[in-house]
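The model shown is predicted, which means the values in this text are computed figures rather than measured ones. Here is the naming used below: chain letters follow the sequence lines, and residue numbers restart at 1 for every chain.
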There are 2 protein chains.
Amino acid sequence: MTASETAAPKRVTRRRAQTRQRLLDAALEVFAEEGFGRSTVDQVCERAGYTRGAFYSNFTSLDELFLAMWEQRSGAMLDDLRDALDRLGDLETVSPDGALRAVLDAVPIDDAWYRVTAEFTAHALRNPSLRRVMAAREEAIHDTLLPLVEAALARAGRRVADRTGLGHALVAVHDGTSVQCLMEPDDEAVRQRREELFRHVVNAYSTAYSTQSEGALDE
Amino acid sequence: MTASETAAPKRVTRRRAQTRQRLLDAALEVFAEEGFGRSTVDQVCERAGYTRGAFYSNFTSLDELFLAMWEQRSGAMLDDLRDALDRLGDLETVSPDGALRAVLDAVPIDDAWYRVTAEFTAHALRNPSLRRVMAAREEAIHDTLLPLVEAALARAGRRVADRTGLGHALVAVHDGTSVQCLMEPDDEAVRQRREELFRHVVNAYSTAYSTQSEGALDE
DNA sequence: CGCATCCCATACATTCGCGTATCGAACGAA
DNA sequence: TTCGTTCGATACGCGAATGTATGGGATGCG
């Protein structure tokens, strides 16, 4: 039921890939503006510069496109995160605080994407197969994020006690604070509170095992 | 533009109030099942046991009903919370840990309501006037919640340093962990992680000012 | 009980969105 | 270039949802 096995492995030509991609990109914009439920095939096509013929030649339903789009974008975000973490991994001397900020910068708070995700989440709560998709993604996030977080904390003389607890906490805090930031886009204080909450959480889920732990996270 | 001033203060008869309420109740169910965007006036009316005539006699659009329903339900949840906190306030001897659990029980994780809220949030991000409605509600939550949290912590010999920071953190953690609980309804571990995260946050945002603080939150 | 008012059901016209079928044009391979 | 294949535009029919206008039945009040 996943997007990778919807159809026979047909030859994907250049054109096909391009229009498909343009439809996916247009869909993100339209869904963000109108909401997925209120969006129509026509709107997506018009935005992408095609007609409905192109759509039905590439997808069978809006739901299918929604899933494909979400998987692509969330995969891309995960890749970005991975890259940022890899780049960070090289710098052995980075402080935990700097690492935190770097990670937060690597996962930008994009409001179009948030709206889409919120609806996708609600949609997934109604659809068991989508739920599995989301669960798999969350697991991937944990696998990507935790090793570096643990490494950064280790350099600060801290050890993570509850690995999965920390992973879930980070994701929850990210989701929860993202809304707040988007609701008050111009309020810098909200962003600072977000960062501080992250600091507290990282701190709470790790314990110092070396007394001269320089660079502790909290004040 | 709020619901309280949408129309002239017409005389509200018994019948009108009843059908209006039934429509609101039906709307919650339908929106939860189908998603707000995919819901139709017909579906709501059928579920409530009326026809479209009843609907257009009480509301002008699905959007208006959505707002009215959300305000009513979120207000009710806030009242529940207030009641639970009042009842808790009487018991002077309650432990902070018990208080936390009581509050968490007072704000049940209702998946129908969560789905609706998720869509409403996404909707509010597109609509400035709805955004103000949500902001007002968040403020009301803080005003209700913080006094008791501070009182409970004071009894445990702890003082809250950053009041608003804690408020936002609690809401963010609630929102973020609710999804996780709903995604894996049968996994008790998720619920425990949620509770632990709350403990950590409450702890991180408060500091002990009495050394013999019995009943500290963390182990 | 009788009356005036209000509220909801019904019917209607209209618009909108969907999915399909078909055809011309763009593309890729020789 | 030429030919076969693929892709996307156009046109069509259909069903569904909307909003309104109107009428009948319920409700409240004397």
Rounded interatomic separation in angstrom, taking CD from A/Glu64 and C1' from C/dG19 = 14 Å

Length of the CZ-P vector between A/Arg16 and C/dG28, whole Å | 13 Å

What is the distance, rounded to the nearest whole Å, between atom CD of B/Glu46 and atom C1' of D/dA17?
-> 14 Å

Where the side chain of A/Ser57 is defined as all heavy atoms beyond and including C-beta, which of D/dT20, D/dC7, C/dC6 is the nearest nucleotide?
-> D/dC7

The single option from A/Tyr114, A/Trp70, A/Trp113 that satisfies ring pair (Phe, Tyr, Trp, His ring centres under 6.0 Å) with A/Phe120 is A/Trp70

Which whole-number value in Å describes the distance from B/Tyr56 OH to D/dA21 P?
-> 13 Å

Enclosure of B/Arg126 CZ (heavy-atom neighbours >12, cutoff 6.0 Å) | yes

When rounded to the nearest 0.5 angstrom, what is the spacing between CZ in A/Arg193 and OG1 in A/Thr177?
-> 11.0 Å

Between atom CD in A/Gln18 and atom C1' in D/dC7, what is the gap in whole Å?
-> 12 Å

For residues A/His123 and B/Arg115, is any side-chain donor paired with an opposing acceptor at under 3.5 Å?
-> no

For B/Arg15 and for B/Thr60, locate the closest nucleotide of DNA chain D by heavy-atom distance; then report the residue assigned to the nucleotide nearer the 5' terminus.
-> B/Thr60

Sugar-phosphate only, base, or nothing, as touched by A/Arg14 at under 4.0 Å among non-hydrogen atoms | sugar-phosphate

Check every atom of D/dC7, C/dC8, D/dT10 against the side chain of B/Ala54 and return the nucleotide holding the closest atom.
-> C/dC8

Should we say atom CD of A/Glu46 is surrounded by more than 12 heavy atoms from elsewhere, each under 6.0 Å from it?
-> no

Could you tell me the separation between the CG atom of B/Asp63 and the P atom of D/dT18, rounded to a whole number of Å?
-> 12 Å

D/dC7 phosphate, OP1 or OP2, under 4.0 Å from A/Asn58 side-chain N/O = no

Any salt bridge between A/Arg73 and A/Asp25, counting N to O under 4.0 Å?
-> yes

d(CZ, A/Arg22; P, D/dG8) in whole Å = 10 Å

Interatomic distance where CD belongs to A/Gln21 and P belongs to D/dC7 [whole Å] = 16 Å

Considering only heavy atoms and no angle criterion, is a donor-acceptor pair shorter than 3.5 Å present between the side chain of A/Arg52 and the base of C/dG17?
-> no

Mind telling me whether A/Phe36 and A/Phe66 have parallel, tilted or perpendicular rings, with 30° and 60° as the class edges?
-> parallel

Determine the contact category for A/Tyr50: base if any of its heavy atoms lies under 4.0 Å from a base atom, sugar-phosphate if only primed atoms, P, OP1 or OP2 are that close, otherwise nothing.
-> sugar-phosphate

Which ones in residues 26-44 of chain A lie close to DNA chain C, meaning a heavy atom under 4.0 Å from one of its atoms?
-> A/Thr40, A/Val41, A/Asp42

